> 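One structure is given below, represented as structure tokens, and several questions about it will come after.
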Amino acid sequence: MVTAYRHEPFTDFSIEENKKAFEDALKQVKDELGKNHDLLVGGERIRTDNQIISTNPANTKEVVGSVSKANQEIAEKAVQAASDAFESWRKWNPAARAEILFRAANIVRRRKHEFSAYLVYEVGKPWKEADADTAEAIDFMEYYGRQMLELKDGKPVESRPGEQNRYIYQPTGVSVVIPPWNLAFAIMAGTTIAPLVTGNTVIMKPASNSPVIAAKFVEVLEEAGVPKGVLNFVPGSGGEVGDYLVDHPKTALISFTGSRDVGKRIMKRASEVQEGQNHLKQVIAEMGGKDTVVVDSNANLETAAEAIVVSAFGFSGQKCSSGSRAVVHEDVYDELLDMVAKRTKELTVGNASEGNVYMGPVVDQSAYDKIMSYIEIGKEEGRLVTGGKGDDSKGYFIDPTIFADLDPKSRMQQEEIFGPVVCFTKAKNFDEAIEIANNTEYGLTGAVISNNREHLEIAKTDFHVGNLYFNRNCTGAIVGYQPFGGFKMSGTDSKAGGPDYLALHMQAKTISEKF
Ligand SMILES: NC(=O)c1ccc[n+]([C@@H]2O[C@H](COP(=O)([O-])OP(=O)(O)OC[C@H]3O[C@@H](n4cnc5c(N)ncnc54)[C@H](O)[C@@H]3O)[C@@H](O)[C@H]2O)c1
Ligand SMILES: N[C@@H](CCC=O)C(=O)O
């Protein structure tokens, strides 16, 4: 019997002992930085001349580690290894596969701050965000392990006299897992272990900004007992290795999380049936967001201000769930804008490996340049209220930025910026606010801050997002509590961390016998 699932508690860094433990972990990891990490194919470690160098975005001179880079030849070996290993792994007792996840969860739990410290160095996470990312990775292992135990004998269907019917799940095959860099541990881990625990074999191609944390997790899964060939670790360029793996005729399942454009490309390529391929590929594609916090006329404005700041600036706005739009009833617009600006000016920005801060850097030069160019667009399309400055001399720092008075159709209110920028738009009434909230191509998260029950009921049916939050921020879904995934161009609504997720990695089979 396993214990009931409960999400991993977050660390309270206001407690001196916790703060000290985290500082110790940062020191320990600092001493380890710069190591080489190998590829893993068929259980064999491979070191290549071509390396991905991962650096700290808060201090670009600091090398976090180097990771061997695969080419198409190595990718091909990985597919063959995964295909061979599938023949035995698919027959493993699902409970034994789940036990590997429980073991892995405990390995990570025992070294929790160490993994979070890697996230601080590799993607510039503030402590709280790093701690939440590691906690979510643990949650995925604990939750999916338990989900597999529930699904292992299939689901009940009716039988009739003289006829017995069964409905069971079987693994799909070779799975290609392509995670993003932002929830660098949680999403990478969750999307890797879901196909594994359901009996598929995996080729994981990490994001190039976060390959070291992925390499560390691969080590954990090996230690926990994942057999050779079942998990293959193949860092490489999206265009070269990513396309190759997506196109491969032996690929049965693709689990992608990332931007809309790459997601669309993968969907299109995966639908092409290749020579020698006698199946259709299953694709999970979770993509971007342009998420809105709607504030009603009778809202508690303290709650609203807090929700907007947390949604917009948590992890520097680099979450698909980030609330980059605030749509506010005209009666409270000016007052709320002032409150949000005041809070925003108090936020601390800096290098989280040197001390705890609210916001770290953005992830790389190209993200920095893109966000700064949106800030210029914002100055033309709206009114700069606070922020707007950046400094990339040591790391990629951008001040938390607010623009006001944006047209709902402006580029700032339509395009995913993926940085610490929130744009305010005024609405005449609640209906108009929901209409504006729905007017992008995305449909991932949204929040409504209101004390009007009727309006909340309207939002339940009319606010078209996969994750809708009332009187709170629109980020931070917890595994097993708020299954996560979006509508429209935000993706396939797979609901990671939810009860339907594992089934997407399997094929349901009906067996009917006449006696
Ligand atoms: N909906 C969600 O659950 C969710 C979660 C996190 C991030 N995101 C989205 O992810 C984006 C940020 O992440 P990102 O910058 O890593 O996204 P990205 O699309 O640039 O990259 C995601 C992954 O795809 C790989 N890739 C790139 N080109 C590829 C190709 N041609 N074939 C195969 N793989 C390829 C990358 O190497 C990376 O591993 C944002 O748009 C964000 O909203 C969505
Ligand atoms: N699941 C995360 C977002 C993942 C995307 O970046 C959240 O709910 O904030």
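Ligands are counted one by one from 1 in listed order, and the atoms in each one are counted from 1 as well. These numbers come from the heavy atoms of this one structure, side chains and all, not from hydrogens, waters or symmetry mates. Please read all numbers here as calculations on a predicted model, not as lab measurements.
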> Side chains of E286 and S490 only: does a donor on one sit below 3.5 Å from an acceptor on the other?
no

> Using only heavy-atom distances, determine whether the side chains of D296 and S450 contain a donor-acceptor pair under 3.5 Å.
yes

> Between F22 and W127, what is the ring plane arrangement, given parallel below 30°, perpendicular above 60°, and tilted in between?
tilted

> Checking Q277 side chain against H279 main chain: does a donor-acceptor pair fall under 3.5 Å?
yes

> Give me the ring orientation class for H113 and F13: parallel if the planes are under 30° apart, tilted from 30 to 60°, perpendicular past 60°.
tilted

> Taking atom types as modelled and ignoring hydrogens, do the side chains of N439 and Q414 form a donor-acceptor contact shorter than 3.5 angstrom?
yes

> Indicate every side-chain donor-acceptor pair of residues 72-81 with a distance under 3.5 Å to a residue at least two apart or in another chain.
{"from": "E76", "atom 1": "OE1", "to": "Y244", "atom 2": "OH", "distance (Å)": "2.5"}
{"from": "E76", "atom 1": "OE1", "to": "H248", "atom 2": "NE2", "distance (Å)": "2.8"}
{"from": "E76", "atom 1": "OE2", "to": "Q80", "atom 2": "NE2", "distance (Å)": "2.5"}
{"from": "Q80", "atom 1": "OE1", "to": "K250", "atom 2": "NZ", "distance (Å)": "2.8"}

> Tell me the residues surrounding ligand 2, counting only those with a heavy atom closer than 4.0 angstrom, sorted by chain and number.
N182, L183, K319, C320, S321, T475, G476, A477, F484

> Any side-chain donor-acceptor pair under 3.5 Å between S116 and T134?
yes

> Checking M489 now: which residues fulfil side chain to side chain contact (heavy atoms under 4.5 Å, CB included) with it, not counting sequence neighbours?
R260, K264, M287, E441, Y442

> Considering only heavy atoms, which protein residues lie less than 4.0 Å from any atom of ligand 1?
I178, P179, P180, W181, N182, I187, K205, P206, A207, G238, G242, D243, F256, T257, G258, S259, V262, R265, I266, E286, M287, G288, G289, C320, E416, F418, L444, F484

